[in-house]
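These values consider heavy atoms only, across backbone and side chains, with no hydrogens, waters or symmetry-generated copies.
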Amino acid sequence: MKTYLTIVINQLINIDFSQIDETSQDTIRKSLDGNKFIAKWIGAMPDTISSIPEVDRSAIMTHAEALTLMATPEWSDPNPPM
């Protein structure tokens, strides 16, 4: 089962992509304002995530909770281009 959380964008440079379920900065999901990104992984929290200050990351989410978050106006454009 995957685990998710959001992280402030200025921490992106500290992410070791070999430890999470993304391949690069180009494959992460960012909030529409570009201030946050979502990280996901399987198993125990990777060192690359636990080393980020708690103030810069959200609470851990399940897949269902992450989907709910991704459906909010902060993460999904309510008026996508045609």
Side-chain angles (χ1 to χ4, degrees):
M1 179 171 16
K2 290 185 183 174
T3 303
Y4 302 76
L5 55 69
T6 63
I7 302 171
V8 296
I9 201 73
N10 65 348
Q11 292 291 340
L12 187 55
I13 62 170
N14 298 318
I15 297 297
D16 177 351
F17 286 94
S18 71
Q19 294 184 18
I20 66 170
D21 195 22
E22 294 295 343
T23 57
S24 73
Q25 293 183 19
D26 297 326
T27 62
I28 59 165
R29 174 79 181 263
K30 295 178 186 172
S31 59
L32 293 181
D33 64 9
N35 290 330
K36 297 176 188 171
F37 68 96
I38 195 158
K40 59 187 172 193
W41 66 90
I42 297 173
M45 182 182 288
D47 293 337
T48 194
I49 301 297
S50 62
S51 66
I52 293 172
E54 288 185 26
V55 68
D56 288 343
R57 52 186 164 105
S58 71
I60 290 175
M61 296 178 280
T62 64
H63 181 74
E65 291 167 330
L67 287 177
T68 298
L69 177 65
M70 295 302 106
T72 66
E74 182 180 8
W75 291 86
S76 294
D77 188 347
N79 302 303
M82 297 275 193

I'd like to check [X] versus [Y] (side-chain heavy atoms, cut-off strictly below 4.5 Å). Are they in contact?
X	Y	result
Phe17	Thr23	no
Pro46	Ile20	yes
Thr62	Tyr4	no
Lys40	Thr3	no
Ile60	Met45	yes
Lys2	Asp21	yes
Gln11	Pro53	yes

Hey, what do you get for [atom1] ([X]) to [atom2] ([Y]), rounding to the nearest 0.5 Å?
X	Y	atom1	atom2	value
Leu5	Asp56	CG	CG	11.5 Å
Arg57	Ser50	CZ	OG	6.5 Å
Asn35	Thr6	CG	OG1	11.0 Å

- Could you check Leu69 against Met61 for side-chain contact (heavy atoms from CB on, under 4.5 Å), going step by step and ending with a plain yes or no? CA-CA 9 Å; Leu69 177 65; Met61 296 178 280; 3.8 Å; yes
- Message: Could you check whether Glu22 pairs with Arg29 (Lys NZ or Arg NE/NH1/NH2 to Asp/Glu carboxylate O, under 4.0 Å)?
- Response: no
Is a donor on one side and an acceptor on the other found under 3.5 Å between the side chain of [X] and the backbone of [Y]?
X	Y	value
Ser76	Met70	yes
Ser31	Trp75	no
Gln19	Thr48	yes
Thr72	Thr68	no

- Minimum heavy-atom distance Phe37-Val8, with the two atoms named: CE2-O, 3.6 Å
- Would you find more than 12 non-hydrogen atoms of other residues, nucleotides or ligands less than 6.0 Å from Lys30 atom NZ? no
- Note on the structure: Of Ile7, Ile38, Leu12, Ile15, the one forming a side chain to side chain contact (heavy atoms under 4.5 Å, CB included) with Ile28 is Leu12
